[in-house]
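So the structure is just underneath, and the comments pick up after that.
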Amino acid sequence: MNLNINNDSVTEIISAERLHVRIRELGSEISRDYAEIATPLVVIGVLKGAFIVLADLVRTITIPCTIDFLHASSYGSEKVSSGTVTIRHKITSIQNRHVLLVEDIIDSGLTMQRITGDLLQMNPASMKIFTLLDKPEARKLPVDIAYTGFVVPDRFIVGYGIDFNEQYRELSSIGIINQ
Ligand code: 5GP
């Protein structure tokens, strides 16, 4: 399906239906994997892109969890990475807690390396990474991903929380912008 929004043409690559099915599967897997933990799972979303996937994911997880967010930005207004990652967070203590980091896309791996470096200093009991989308072709640094929604090509993605110049986050499916 092609959408023409403003001056961009967006081609859908993952429908809302497929997103929901896959997120339900991963929610069940996460609930099984953490079934034995003694304290609620700490789910931390990376803003802004992960806000929709986190909201959908936590409603499929059947074990107790707490929710927090941190803010990371690596892209400016253009479709290219600036190479520097800015992280802002004021998360509650994660010491001795099991943490699940929820990201929208892992691309070069720079953002995840910065975030995990920061969070590991807070001595969590464990930390795993969930990403809705993985772009392995663009990887510059290795990332140990525990849960992946979909592998996507090295194209510019929008929708389902993910923006271009702050637009398209509200689309219920995932698309690529045709240039
Ligand atoms: P990395 O640091 O792994 O290169 O990039 C991670 C972040 O870059 C993601 O959280 C996301 O915000 C942004 N990003 C990576 N690829 C894309 C893309 O195709 N579209 C958009 N809108 N953002 C992307």
Side-chain angles (χ1 to χ4, degrees), residues 1-31 41-62 65-82 85-89 99-112 114-115 128-139 143 145-179:
M1 185 172 67
N2 262 308
L3 288 171
N4 285 301
I5 310 171
N6 304 331
N7 292 322
D8 300 317
S9 150
V10 178
T11 304
E12 181 182 290
I13 58 166
I14 307 170
S15 68
E17 175 64 24
R18 283 180 68 207
L19 285 166
H20 289 139
V21 168
R22 183 69 184 134
I23 287 166
R24 258 202 311 276
E25 281 172 4
L26 290 172
S28 305
E29 197 178 324
I30 291 165
S31 306
L41 176 65
V42 182
V43 182
I44 303 180
V46 183
L47 293 172
K48 296 180 190 173
F51 80 105
I52 292 183
V53 62
L54 182 139
D56 282 348
L57 179 68
V58 291
R59 284 178 287 175
T60 68
I61 293 179
T62 53
C65 51
T66 65
I67 294 159
D68 220 327
F69 290 97
L70 54 79
H71 189 279
S73 45
S74 58
Y75 282 81
S77 56
E78 298 301 319
K79 294 177 192 159
V80 289
S81 173
S82 65
V85 180
T86 311
I87 312 267
R88 283 184 275 134
H89 60 78
V99 173
L100 180 66
L101 260 175
V102 177
E103 175 63 302
D104 55 353
I105 307 186
I106 298 183
D107 187 24
S108 68
L110 222 73
T111 306
M112 265 303 131
R114 273 291 317 278
I115 293 173
K128 284 191 190 177
I129 297 172
F130 170 108
T131 189
L132 176 64
L133 306 175
D134 182 17
K135 268 194 206 172
E137 289 167 56
R139 195 76 87 252
V143 184
I145 305 173
Y147 307 100
T148 302
F150 299 89
V151 172
V152 290
D154 190 10
R155 299 285 304 276
F156 198 81
I157 308 285
V158 293
Y160 198 66
I162 303 166
D163 76 312
F164 171 45
N165 278 348
E166 292 302 326
Q167 293 186 85
Y168 308 122
R169 293 193 196 276
E170 74 283 10
L171 300 181
S172 54
S173 57
I174 297 277
I176 50 180
I177 293 205
N178 302 305
Q179 294 172 306

For a quick test of reading the model, state the closest non-hydrogen atom pair linking Ala16 to Ser172 and the distance between them.
CB-O, 3.4 Å
Just jot down the side chain to side chain donor-acceptor pair (under 3.5 Å) partners of Arg24, sequence neighbours excluded, or say none.
none
Do the side chains of Ile23 and Val53 get nearer than 4.5 Å, heavy atoms only?
yes
Arg22: partners by salt bridge (Lys or Arg N to Asp or Glu O under 4.0 Å), with sequence neighbours left out:
Glu25
When rounded to the nearest 0.5 Å, the distance separating CD of Glu103 from OG1 of Thr148 is 12.0 Å
Could you list the residues that satisfy side chain to side chain donor-acceptor pair (under 3.5 Å) with Thr66, not counting sequence neighbours?
none
For Thr62, what residues pass the side chain to side chain donor-acceptor pair (under 3.5 Å) criterion, not counting sequence neighbours?
Ser31
With side chains defined as the heavy atoms from C-beta onward, is the minimum distance between Asp56 and His20 less than 4.5 Å?
yes
Heavy-atom closest contact (Thr60 atom, Gly27 atom, distance):
OG1-CA, 3.2 Å
Before giving the answer on side-chain contact (heavy atoms from CB on, under 4.5 Å), spell out for Val158 and Asp163 the whole-Å C-alpha distance, their side-chain angles and the decisive distance to 0.1 Å.
CA-CA 5 Å; Val158 293; Asp163 76 312; over 6 Å; no
Could I get the full list of salt bridge (Lys or Arg N to Asp or Glu O under 4.0 Å) partners for Arg139, not counting sequence neighbours?
Asp134
Is there a donor-acceptor pair closer than 3.5 Å between any side-chain N or O of Arg114 and the backbone N or O of Leu110?
no
How far apart are the closest heavy atoms of Ile162 and Leu133, and which atoms are they?
CD1-CD1, 3.8 Å
So, Asp104 versus Thr131: side-chain donor-acceptor pair below 3.5 Å or not?
no
Please report the closest heavy-atom contact between Gly175 and Val10, naming both atoms and the distance.
CA-CG1, 4.0 Å
Rounded distance (nearest 0.5 Å) linking atom CE of Met112 with atom CD1 of Ile105:
11.5 Å
Is the shortest heavy-atom distance from the side chain of Ile30 to the side chain of Phe130 under 4.5 Å?
yes
Please enumerate all residues that pass side chain to side chain contact (heavy atoms under 4.5 Å, CB included) together with Leu19, with sequence neighbours excluded.
Ile14, Leu132, Phe150, Tyr160, Ile174
Who pairs with Ser15 by side chain to side chain contact (heavy atoms under 4.5 Å, CB included), at least two apart in sequence or on another chain?
Glu12, Glu17, Arg18
Minimum side-chain heavy-atom gap Ile13-Ile157 below 4.5 Å
yes
Looking at side-chain heavy atoms only, is the closest gap between Val102 and Val43 below 4.5 Å?
yes
Are side-chain heavy atoms of Ile44 and Leu100 found at a separation under 4.5 Å?
no
Distance-minimising heavy-atom pair for Pro136 and Val152
CD-O, 4.2 Å
Does a side-chain heavy-atom distance below 4.5 Å link Ile106 with Ile129?
yes
Report the distance from atom CZ of Phe156 to atom CG of Asn178, rounding to the nearest 0.5 Å.
13.0 Å
Arg155 meets the salt bridge (Lys or Arg N to Asp or Glu O under 4.0 Å) criterion, sequence neighbours left out, with none
Once salt bridge (Lys or Arg N to Asp or Glu O under 4.0 Å) is applied, do any residues pair with Glu166, and if so which ones, sequence neighbours excluded?
Lys48, Arg169
Those residues at least two apart in sequence (or on a different chain) that pass side chain to side chain contact (heavy atoms under 4.5 Å, CB included) with Phe69 are Leu47, Leu54, Ile67
For Asp154, check side chain to side chain contact (heavy atoms under 4.5 Å, CB included) against everything at least two apart and list the hits.
Asp107, Lys135, Glu137, Ala138
